[in-house]
Amino acid sequence: MNLSRRMFAKGMLATTAMFAFASSLPKALLAAYNKEAFESNKMADAMKAYYGTAETTESDQIKITAPNIAENGAVVPISISSEIDGAESISIFVENNPTPLIGSFILLGAKQNISTRIKMAKTSNLYAVVKAKGKLYATHQEIKVTIGGCGG
Amino acid sequence: MKYLILTWALLLTSAVAFAADVNPEQDRQAYQKHFTEAFKEVPLKEFTNGVYAIDPEGRAQWEAIEEFPPYEIAIEKGETEWNTPFANGKTYQSCFKWPVAEGLRQHYPYFDAERKMVVTLERALNECREANGEEAFGWKKGKLVDLSAYVSFQSRGKLIKVQIEGADAKAAYAEGKQFYYAKRGQLNMSCADCHIYNAGNNVRADVLSPGLGHPSHFPVYRSKWDAMGSLHRRFGGCNNNIRAKPFKAQGKEYSNLEFFLTYMSNGLPYNGPGARK
Amino acid sequence: MKRFSLLLLSAMVLTLGACETKKKEADKPMVTKAKVGSVDCNKETFDKYIGEAEAALAKARSVGHEWVNTAKEIDTAKELAGQGRFDEACKDAHAGLLQGVMAYRQYEDNKNAGPRF
Amino acid sequence: MADKIRIRARQDQGVVEVKALMEHPMETGQRKDKKGNKIPAHFIQTVTAKANGKVVFEAYWGGAISKNPYLAFEYNGKSGDQVELVAVDNQGQTFNGSTKVR
């Protein structure tokens with residue numbers, strides 16, 4: 001009895017802590033996860049769901065650092081950097097993935113330089129889209145995903 | 001009884017006669033010479049990076065992963081395990097005469113003359129558990145491999161220096177060597193076919209890695225596995241690739257193979273754990 | 001001997017490049033199947049084949065040269081025989097037998113394997 | 001609670017580079033297990049980064065970020081800044097980690 005009460009109290013504490021933590025997160029963030037965009041099966045649909053438009057301007061001020069041939073489609077290291085004035089976010093789309101929107105990175109004071117590792121189902125164009133002052137800028141690179149031999 | 005003694009005597013003489021032909025040091029020099037000549041631009045030490053010593057496209061991706069490699073999670077978990085006492089209050093350290101901070105990996109594999117068998121680091125760790133009344137962990141992945149990752153990390157930079165002394169050790173080495181060069185499986189290929197004679201060539205999109213340095217960086221986080229795995233797990237994968245039935249991890253075959261293969265890389269530094277595609 | 005190397009060679013050609021991703025294809029040793037054509041098969045002949053196949057596999061296994069699919073081939077053969085599908089069962093038993101024999105030959109050919117550089 | 005996020009942060013000429021590694025399966029919900037059953041989706045959806053309590057970076061993710069996610073970003077800051085990361089996955093689990101900028 002004593003034990004279970006202690007456990008209960010502990011559980012309560014943890015829950016309270018979590019709530020306190022969650023409420024300290026910016027409201028905007030919790031509201032902003034765009035399920036529709038992340039679940040869209042076509043890149044244009046995902047873009048429309050996310051930005052309200054799929055129209056982008058090609059820009060050479062965005063740089064993608066990614067392999068031409070991925071060693072393993074499950075772990076493709078990529079970096080995106082850009083020098084577009086007033087950039088608010090950088091988003092990554094992989095055209096041939098089942099759900100093309102991979103992730104969106106919101107630069108709330110952060111610099112235009114992010115890195116992560118992504119999954120790619122097959123050979124595809126990877127698009128980096130930068131939103132700045134209400135406009136969308138994009139560049140892309142093809143990444144080949146091949147069937148491995150024996151690997152590593 | 002008489003027969004038994006006779007058989008033993010015969011076996012012993014044949015083992016000795018066999019061992020007389022075994023010259024590991026000569027083998028090692030020839031082996032290393034082959035790779036340094038085949039890949040003139042690659043410094044000897046670089047071979048510990050496997051395929052990334054010779055494949056620039058793969059190397060760039062590997063370096064990006066090394067920025068914050070997933071095996072760090074394994075090292076951390078292994079450290080916690082290492083520092084957690086057994087039920088009897090003793091620790092892993094009590095089983096080893098060398099402090100872990102100075103590295104243990106460089107003392108393995110070794111030939112235990114009394115038991116007439118190759119003892120790998122993973123075996124020593126599990127035997128330590130059993131000696132202290134704990135159950136052994138699985139050999140190929142999970143907790144034992146985390147532990148091995150932590151221990152191996154402490155040995156980074158220490159040189160590989162496998163020793164082969166006595167007829168029995170030489171026999172184990174010779175068996176490992178024969179295994180390495182023997183063709184197996186439905187594809188009729190040997191370890192050497194891929195990792196010596198075709199190192200640097202492609203199997204589909206994969207560049208075959210040079211055999212020199214292979215055992216230096218295990219255990220590895222392999223993207224294909226999405227997890228950590230031991231050297232013997234990888235051996236099993238290779239055998240399966242050539243459609244040969246894999247042997248048991250830590251069995252005689254793979255232990256002797258590890259003994260031979262590690263000896264071939266004597267003089268190179270340990271750099272495990274590693275990250276591979 | 002010549003026939004064996006020929007078989008082995010064609011087995012290699014067929015399965016090469018199927019390193020691991022195309023498991024399904026590699027699971028079926030096309031060569032051996034193609035080779036076996038029409039065998040008059042019934043319970044009696046099947047029992048003979050499967051016995052030989054198991055012996056060949058045991059022999060290959062005893063020297064550490066078991067191939068990855070042989071045991072599966074034999075199991076499938078038994079399953080098919082259990083369903084009375086003897087024609088197919090015999091083909092699989094034959095495939096198992098051939099693999100076991102080739103695997104042992106492989107062992108013999110590689111007893112003294114060593115470097116060539 | 002739950003597993004922590006491992007973070008490294010170092011400053012060079014006024015720019016802090018933050019690198020993080022999170023332990024997470026990142027299941028897309030599209031994979032099947034050996035028995036052919038779908039493995040339920042389980043992936044981090046949001047990551048929030050704060051420097052000295054102020055949000056400097058956010059990320060929204062789908063299931064196509066690799067297992068054990070890696071994330072690196074930069075912001076204008078200084079040594080000694082307290083960097084804190086919070087990740088929340090689609091099952092409502094929260095992960096966090098923090099470090100002092102070197």
Side-chain angles (χ1 to χ4, degrees), chain A residues 11 13-15 17-19 21-22 24-26 28-35 37-40 46 50 72-81 88-94 97-121 124 126, chain D residues 1-2 13-22 25-31 41 43-77 81 83-90 92-96 98:
Chain A
L13 260 172
T15 321
M18 209 178 88
F19 267 103
F21 201 55
S24 74
L25 289 176
L29 174 82
L30 290 173
Y33 188 80
N34 191 325
K35 204 161 176 282
F38 276 103
E39 286 176 1
S40 294
Y50 195 64
N72 185 325
V75 188
V76 185
I78 56 157
S79 294
I80 315 284
S81 63
E88 298 153 28
S89 70
I90 299 173
S91 301
I92 302 162
F93 296 84
V94 171
N97 262 18
T99 49
L101 177 54
I102 306 295
S104 188
F105 302 83
I106 318 297
L107 314 168
L108 303 158
K111 313 202 57 100
Q112 303 177 47
N113 189 3
I114 59 112
S115 303
T116 188
R117 298 166 191 157
I118 67 167
K119 299 175 203 167
M120 289 183 63
S124 175
L126 177 139
Chain D
M1 84 166 272
Q13 297 178 358
V15 176
V16 174
E17 186 186 31
V18 181
K19 293 176 184 170
L21 188 71
M22 309 166 201
M26 297 303 283
E27 278 297 343
T28 57
Q30 289 156 355
R31 291 203 315 160
F43 56 89
I44 292 173
Q45 287 185 321
T46 62
V47 183
T48 307
K50 289 184 200 171
N52 297 330
K54 183 175 169 278
V55 177
V56 291
F57 183 78
E58 286 172 359
Y60 307 133
W61 289 347
I65 298 290
S66 302
K67 180 181 175 180
N68 297 331
Y70 169 73
L71 173 67
F73 65 92
E74 296 172 342
Y75 73 94
N76 291 321
D81 280 0
V83 173
E84 184 190 8
L85 259 67
V86 185
V88 184
D89 71 21
N90 67 324
Q93 282 176 289
T94 304
F95 307 83
N96 59 66
S98 66

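Quick note on labels: first sequence line is chain A, next is B, and so on, each numbered from 1. Only this structure's heavy atoms are used, side chains among them; waters, hydrogens and symmetry mates stay out.
- Residue with the most contacts toward chain D among A:Ile114, A:Asn97, A:Val76: A:Ile114 (heavy-atom pairs, distance under 4.5 Å).
- Of all the listed residues (D:Met26, D:Lys67, D:Lys54), the one sharing the greatest number of non-hydrogen pairs under 4.5 Å with chain A is D:Met26.
- Neither the backbone nor the side chain of A:Val94 comes within contact range of chain D, judged by heavy atoms closer than 4.5 Å.
- Only the side chain of D:Gln30 comes within less than 4.5 Å of a heavy atom in chain A; its backbone stays farther off.
- When heavy atoms are compared at a cutoff of 4.5 Å, D:Val16 does not approach chain A at all.
- Per-residue counts of heavy-atom pairs under 4.5 Å with chain D were compared for A:Ser81, A:Ala121, A:Ala110; the largest is that of A:Ala110.
- In this structure, CD1 on A:Ile90 lies 5.0 Å from CG on A:Leu107, to the nearest 0.5 angstrom.
- Residues D:Ile44 and D:Ile65 form no side-chain contact, since every pair of their non-hydrogen atoms from C-beta on lies 4.5 Å or further apart.
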From CA spacing to verdict: ring pair (Phe, Tyr, Trp, His ring centres under 6.0 Å), A:Tyr33, A:Phe38: CA-CA 9 Å; A:Tyr33 188 80; A:Phe38 276 103; 4.8 Å; yes

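- Not counting sequence neighbours, the partners of A:Ser91 by the side-chain hydrogen bond (donor to acceptor under 3.5 Å, both in side chains) test are A:Tyr51, A:Ser104.
- For D:Tyr75, the ring-ring contact (aromatic ring centres under 6.0 Å, His included) criterion is met by no residue, not counting sequence neighbours.
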